[in-house]
Amino acid sequence: MNAPLKPQNALLSSTGTTVFTVMSALAVQHGAINLGQGFPDYEGPEPVIRAAAEALMDGRNQYPPLTGVPELREAVAAANRRFYGLEIDPLAEVVVTSGATEALTACLMAVLNPGDECVLIEPLYDTYLPVVRMLGAVPKLVRLTPPKWELPRAELAAAFGPKTKAILLNSPMNPAGKVFTAAELAFVADLVQRHGAYAICDEVYEHLTFDGWSHIPLMTLPGMRERCMRIGSAGKTFSLTGWKVGYITADRSIAPNIAKAHQLLTFTTPPNLQRGVAVGLVLDDSYFNGLSTTLQAKRDRLAAGLSALGFGVLEARGSYFVTADFRPLGFAGDDVAFCRHITEAAKVTAIPVSAFYDGADAPNHYARFAFCKGDAVLDEALARLAAWKASRAEGVRAAG
């Protein structure tokens, strides 16, 4: 008689389907406009796409180098110099990955041992915690709270200790839209240096900042170059999320371990897409300025519309997202119930902000809306929400 199968991986088995998958499926089911998932509904720059298409036809479709094609590694190094004044060796300090999510995993794998502690800041992207735990490391959570998302310095300092190996820092921050200030970054850098730790820097929204705010890589601060792993994303920078091309800038003392982790995860990334991204990174300033200007206008369009409907809209200094407090609308349930309700009743989908927290007592009256959509889509979403609000008011009057 065969024995029953033994249990599968406990962490993965206990990890539920992500809220993004759940809400996107619900959006399809109800024919809703999906402002939940952060992907543009328009194409990226034509020269980048054309370069990738042409690269398929020139006979270079076999395995590219493990750390990336020379053109892209050189373009990443040049972009570091151009935008941030960082001098990077493209041969020894750049690793190309199959997306920023893989880049995050590879960086965490490169430095964390079982039992090490890793500081994470809530709200956080949903892959951070599972990967840290899969590596046997111990997450130490520090919470930012809306509406101002201020860095709680005493709590952050208390999270660092003798076992701290790394901090994972996301700026500009999803979902908060926060751009960490120079003073906040200096405080983080001091903690990292005093504890002999590393910093994994999720900077995928580096070129998506608004209202005169500028992204400052932690790597540019004194004493931080050899401690930082800086992650960029072609998906966010060129509105090509399906390409899954990420790139890591790291000191030559760390990059070999990152490359070994990358070898175990995906080994390499499609060479034609890499070569397309290399063209993108050397586009002139008008592209990068236009990217932030265009997205700022979309942010303003959606934020103004939500405010006019009565939402309490929080400031967003960067990223693809605005966070809105729905309590002024008189909805009685929590954020999960609200996002499900508007998907079904208004045919507009958002993401509950509590999904970005792991601990108890997470903020549960905010919804995250993505504004990286065409203007007509944003306008239609607002019109649907307005109709939903009017029908609710009519229902209240009828009941009264």
Side-chain angles (χ1 to χ4, degrees), residues 65-68 72-97 100 102-113 115-121 128 131-132 135 137 140 142 151 156-157 159-171 180-204 206 214-233 246-265 281:
L66 167 68
T67 55
L72 181 50
R73 284 183 280 130
E74 290 166 4
V76 171
N80 273 288
R81 182 185 310 111
R82 171 186 175 186
F83 293 111
Y84 308 117
L86 287 166
E87 294 295 332
I88 302 299
D89 183 348
L91 298 177
E93 297 181 318
V94 176
V95 179
V96 178
T97 60
E102 191 219 333
L104 287 161
T105 301
C107 289
L108 290 165
M109 289 173 67
V111 297
L112 291 180
N113 290 313
D116 287 342
E117 293 179 354
C118 183
V119 178
L120 303 174
I121 299 177
Y128 293 177
V131 172
V132 169
L135 294 172
K140 304 291 285 187
V142 177
L151 184 68
L156 183 64
F160 278 75
K163 294 184 178 180
T164 302
K165 179 65 73 69
I167 181 173
L168 204 168
L169 183 71
N170 177 209
S171 182
F180 280 75
T181 67
E184 289 173 328
L185 293 171
F187 186 81
V188 172
D190 178 66
L191 287 171
V192 169
Q193 292 179 68
R194 285 197 286 117
H195 290 85
Y198 298 92
I200 294 106
C201 302
D202 179 351
E203 302 180 12
V204 299
E206 60 184 322
S214 297
H215 169 61
I216 303 171
L218 191 64
M219 183 179 262
T220 62
L221 272 64
M224 292 302 291
R225 190 189 187 285
E226 67 276 12
R227 299 176 182 274
C228 288
M229 290 152 269
R230 199 178 87 73
I231 297 166
S233 164
Y247 27 90
I248 304 163
T249 302
D251 188 77
R252 67 185 64 245
S253 63
I254 310 173
N257 257 19
I258 298 172
K260 291 172 189 175
H262 170 53
Q263 182 175 11
L264 295 176
L265 291 166
L281 285 173

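In this chain, numbering begins with 1 at the start of the sequence shown.
With rounding to the nearest 0.5 Å, the separation of CG in Asp202 from CE in Met229 is 12.5 Å. Between His195 atom NE2 and Gln193 atom CD the span is 12.0 Å, to the nearest 0.5 Å. Distance OG/Ser171 to CD/Glu203: 7.5 Å, rounded to 0.5 Å. Distance check, rounded to the nearest 0.5 Å: CD1 of Ile248 to OG1 of Thr97 gives 5.0 Å. Interatomic distance, CG of Asn170 versus CD1 of Ile200, reported as 12.5 Å (0.5 Å rounding). Between the CE atom in Met224 and the OH atom in Tyr198 there is a gap of 11.5 Å [rounded to 0.5 Å].
The heavy-atom pair separating Pro256 from Ser253 by the smallest distance is CD-C, 4.2 Å. Closest approach of Val95 to Ala255, counting heavy atoms only: CG2-O, 4.1 Å. Listed here is the closest heavy atom pair of Ala261 and Met109: CB-CB, 3.8 Å. When all heavy atoms of Ala189 and Leu221 are compared, the closest pair comes out as CB-CD2, 3.9 Å. Taking all atoms of both residues into account, the shortest heavy-atom contact from Ala250 to Ile258 is CB-CD1, 3.7 Å. Residues Leu169 and Leu218 share a closest heavy-atom pair of CD2-CD2, 4.3 Å.
When each of Thr249, Asn80, Thr220 is checked for a side-chain hydrogen bond (donor to acceptor under 3.5 Å, both in side chains) with Arg230, only Asn80 meets the rule.
Residues Lys140 and Leu120 have side chains not in contact (no heavy-atom distance under 4.5 Å, counting atoms from C-beta outward). Residues Leu156 and Ile167 form a side-chain contact, since some pair of their non-hydrogen atoms from C-beta on lies under 4.5 Å apart. The side-chain heavy atoms of Leu168 and Leu104, taken from C-beta on, include a pair separated by under 4.5 Å.
The main-chain N or O of Glu87 is found under 3.5 Å from a side-chain atom of Arg225 such that the two form a donor-acceptor pair. With Asn257 contributing its side chain and Ala110 its backbone, the two residues share a donor-acceptor pair below 3.5 Å. Using a distance-only test at 3.5 Å, with no hydrogens or angles considered, no donor-acceptor pair links the side chain of Arg252 to the main chain of Ala92. With hydrogens and angles disregarded, a donor-acceptor distance shorter than 3.5 Å links the side chain of His262 to the backbone of Val96. Ser233 places no side-chain N or O within donor-acceptor distance of the main-chain N or O of Ala100, the cut-off being under 3.5 Å. The backbone N or O of Gly115 lies less than 3.5 Å from no partner atom in the side chain of Lys163, so there is not a single donor-acceptor pair. Without hydrogens or angle criteria, Asp116 side chain to Ala137 main chain gives no donor-acceptor distance under 3.5 Å. A donor-acceptor pair is defined here as one N or O able to donate and one able to accept, closer than 3.5 Å; no such pair exists between the side chain of Glu206 and the backbone of Pro217.
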Legend entry - Test side chain to side chain contact (heavy atoms under 4.5 Å, CB included) applied to Leu72 and Leu281, step by step: CA-CA 8 Å; Leu72 181 50; Leu281 285 173; 3.8 Å; yes

Inset, instruction - Report the C-alpha distance between Ile216 and Phe180 in whole Å, list the side-chain angles of each, state the deciding distance to 0.1 Å, and finish with yes or no for side chain to side chain contact (heavy atoms under 4.5 Å, CB included). - result: CA-CA 8 Å; Ile216 303 171; Phe180 280 75; over 6 Å; no

Inset, instruction - Take Tyr84 and His215 through the side chain to side chain contact (heavy atoms under 4.5 Å, CB included) test and state the conclusion after the steps. - result: CA-CA 9 Å; Tyr84 308 117; His215 169 61; 3.5 Å; yes

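The local environment of NZ in Lys165 is crowded, with over 12 non-hydrogen atoms from other residues, nucleotides or ligands closer than 6.0 Å.
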